[in-house]
Amino acid sequence: MKHLMSPLDLSVEELDRLLDLANDIEAHPSRYSHSCEGKKLATLFYEPSTRTRLSFEAAMLNLGGSVLGFSSADSSSAAKGESVSDTIRIISCYADICAMRHPKEGAPLVASMKSSIPVINAGDGGHQHPTQTLTDLLTIRSLKGRLGGFTIGLCGDLKFGRTVHSLIQALVRYPNVRFVLISPEELRLPDNVRDGVLKKSHQEFREEVRLEDAIPELDLLYMTRVQKERFFNEEDYIRMKDFYILDAEKMKLASEDMLVLHPLPRVNEISTEVDDDPRAVYFKQAQYGVYVRMALILTLLGIEV
Ligand code: NCD
């Protein structure tokens, strides 16, 4: 049985197959509409979510399966002190597969060790968010036609942003990816990702503070929200929160085919005036998230259509 804790749990070949399947689902959704009949997905969300939880649920419903779960720790027995290890043993009796989001790094991994059903990490603290990465890769491959051979700017909260950590891990495996890490000093990429992943991979990267300095050379701009919930004090958050605002003026500096991605939710870091720019693909990206989660559920359940 396979779990998904990090994007590296899938080889590049497995990832390719998964993205191919997601594209096939996009092209022929009705072929898949009964493939999970009788199967149940549990969504165990100990942290807020809109897209990840609902796209998982939509994915399972699109496959003809059913869903159950909880959307906050307060409404589960975690509020009574139950451990994730105990909870997952119980959920294993109720469902065939589960997606778990937790504020503690490693909690889904702990759960997977006690689970008799596949566990998907739907975001663990500031650590990893592999299904957002699958979404990002599908978006990039579908809209750019390839993975690799591009310059990507990652902008915003690179310290706490788990989507960035997972995306970097996944992208270093493709040829000729140049990374421009755009963040304030305080929110730079943690050493374990910069040294442990980027430096080790021998991909080219550099750090910038000003978005304007980096934007002209980018093929992809991945914007992120300052992760309010991971700050120790409100003052620091307030100081950082509007550090970057991508607006129509800055978009003029970008190339005509640079794509703007964002895992969402957006706060202030992308002005709504950018939404109508054809290069802004973050809402499309959310749609790709459903196809890729459908493909992931099928793959982890070993269902072939
Ligand atoms: C991201 C997350 O939860 O890490 N959201 C998402 O799943 N699309 C990004 C964020 O919350 O900023």
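Ligands are counted one by one from 1 in listed order, and the atoms in each one are counted from 1 as well.
When heavy-atom distances to ligand 1 are checked against a 4.0 Å cut-off, Thr224 has no atom that comes that close, whether in backbone or side chain.
Distances below 4.0 Å separate heavy atoms of Thr52 from the following atoms of ligand 1: 6 (C), 7 (O).
Contact check on Asp275 versus Arg266 returns a salt bridge, with a Lys/Arg side-chain nitrogen under 4.0 Å from an Asp/Glu carboxylate oxygen.
With hydrogens left out, the protein atom closest to atom 4 (O) of ligand 1 is Arg162 NE, 2.7 Å, a heavy atom. Atom 10 (C) of ligand 1 has as its closest protein heavy atom Arg225 NH2, 3.4 Å. Looking at atom 9 (C) of ligand 1, its nearest protein heavy atom turns out to be Leu264 O, 3.7 Å.
Counting only non-hydrogen atoms, the option in His129, Arg53, Gln132, Glu47 that gets closest to atom 7 (O) of ligand 1 is His129.
Residue-to-ligand polar distances keep Thr163 apart from ligand 1: every N/O pair is separated by 3.5 Å or more.
Residues Gln128 and Gln169 bring a donor and an acceptor atom of their side chains to less than 3.5 Å of each other. A donor atom on one side chain and an acceptor atom on the other are found under 3.5 Å apart for His129 and Arg101. Using modelled atom types and a 3.5 Å distance limit, the side chains of Asn233 and Asp236 yield a donor-acceptor pair.
Within the structure, the closest approach of Arg101 to ligand 1 falls below 4.0 Å when heavy atoms are considered. Within the 4.0 Å heavy-atom cutoff, Gly123 does not count among the residues contacting ligand 1.
Within a 6.0 Å sphere centred on CD of Glu235, other residues, nucleotides and ligands contribute 12 heavy atoms or fewer. Counting non-hydrogen atoms of other residues, nucleotides and ligands closer than 6.0 Å to NZ of Lys144 gives a total above 12. Lys250 NZ: more than 12 foreign heavy atoms inside a 6.0 Å radius.
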